[in-house]
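Whatever order the structure lists them in is the order used to number ligands and atoms, beginning at 1. Everything numeric here is computed off the predicted structure, so don't read it as measured data. Computed from heavy atoms alone, side chains included, the values below leave out hydrogens, waters and symmetry copies.
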Amino acid sequence: MSERNIPGEYTLPDTLAKTEIRSEQNPFIIAQSQLDETASYLKLDPATHQLLRWPLRELHITMPVKLDNGTTRIFHGFRVQHNDARGPCKGGIRFHPDETIDTVRALAAWMTWKTAVMNLPLGGGKGGVICNPKKMSPGELERLSRAYIRQAGSFVAPEKDVPAPDVYTNPQIMAWMADEYSMLRGYNEFGIITGKPLPLGGSAGRNDATARGGIYCVREAARVKGIGLQGATAAIQGYGNSGSYAHKLAEKMLGMKIVAVSDSKGTVFNPDGFTHEDLMAHKKRTGSVTGFPGTEPLSNEALFELDVTVIFPAALEGAINRNNAPRIKAKIIAELANGPTTPEADIILRNNGCYVIPDLLCNAGGVTVSYFEMVQNSYGYYWEEEEIHHRLEKKMTDAFSQVHRTAGQYGVHNRMAAYIVAVERVAEAMRLRGWV
Ligand code: GLU
């Protein structure tokens, strides 16, 4: 990828506005080729196929933001609406230094498939801002979040496109965005965004929803594969929202032992395991999992090579690739991240008998509880946490069985089965609407 240096702490890719990276690592090229493969299984007509290869709409924005040192910095961001045949677009906003239009396009397409696999009445969208939130103060982050909504405010709406948290965005950022949108409209419109704090119309159970959905999937996968989980080991790559809650819930709900965890600063390992409570206390104190007493450091690559029952990739795209896939010994890969496994790695894992719970299913708990949040916002009536857990469990286990059944029917692996279920549903909606 060609890059141009601009003054400041990161580089601005030349690919800001166009699909130029013809690389197997480009998530959008991967998303398109996954669709192409599905289209041939489903014998999709060319118009339907072509329409689904591209986002319906995309917005590119440029935002001036005052920094604490008195200077103004220009940030670039995107919102992509991949498909809304089944309902309003839905999907998070990422703040990341490596964000590109292509990652956002891929993530938006994956949201279309994810909401369809879960049979939610929603489409797929995604947003992104090229920035490094770790180097920004809370005031700078607030001004950037508000600037994003000022620029994208007429592109999104509760009935049209509803953002949410994603990598390096959180409930506080959602609160600023909901406030800015409400100020623009002149009345409170908290339903514009999900993943909000509870006092602003957030939903009980949203914080741990992505991890909880993944844990239900691991439980179901272990059942169909006849794998015991009580006392079994796991490793977690990434310790943000989904990775840290996966640690807590794998312990609490499945009785598993977590032996390795990584974050952007490094990896810690103890063959006897360590608890979520202790590691979180350390991370809160020091800002990272590294240096956690009683553990030894490992290289990030070594985490994937551990002889554990489950690996939870819970960071970014492309974490499992052709370099590390041949050395993976885990029986189950539970994809809490979006797009963590490259297509080449997928084949290697399959050939080695590893059971992959694909991202479209495994991390869909987040958007499912976001959907519950939308329903509660429009009702103006809020459910108890147990009610959310119960509804989420039903949605996840139904979707898991549907994907498992489809895999059997078509003789395909789980990822292709999830695609088949999703693409069929979206194609049917487009047909019924008379688009194709
Ligand atoms: N960002 C999450 C995802 O990738 C959640 C999206 C949402 O809640 O709308 O699924």
Within the 6.0 Å centroid threshold, strictly below: Phe28 and Trp110: no

Lys/Arg N to Asp/Glu carboxylate O, Arg57 vs Asp161, below 4.0 Å: no

Polar side chain donor-acceptor pair, Thr194 to Ser370, under 3.5 angstrom: yes

Tabulating one pair per line, provide the atom names and distances (0.1 Å) for every N/O atom of ligand 1 that is less than 3.5 Å from a protein N/O atom.
| residue | atom | partner | partner atom | Å |
| --- | --- | --- | --- | --- |
| ligand 1 | 1 (N) | Pro165 | O | 2.9 |
| ligand 1 | 1 (N) | Asp166 | OD2 | 2.7 |
| ligand 1 | 4 (O) | Lys114 | NZ | 3.1 |
| ligand 1 | 4 (O) | Lys126 | NZ | 3.0 |
| ligand 1 | 4 (O) | Asp166 | OD2 | 3.4 |
| ligand 1 | 4 (O) | Asn338 | ND2 | 3.0 |
| ligand 1 | 8 (O) | Arg206 | NH2 | 3.0 |
| ligand 1 | 8 (O) | Ser370 | OG | 2.5 |
| ligand 1 | 9 (O) | Lys90 | NZ | 2.8 |
| ligand 1 | 10 (O) | Lys114 | NZ | 2.6 |

Test: Arg185 cationic atom under 6.0 Å from Tyr181 six-membered ring centre, within 45° of axis: yes

Check against salt bridge (Lys or Arg N to Asp or Glu O under 4.0 Å), Arg425 and Glu428: CA-CA 5 Å; Arg425 286 181 178 156; Glu428 187 191 12; over 6 Å; no

Closest contact, heavy atoms only, Arg219 versus Leu229: CA-CD1, 4.1 Å

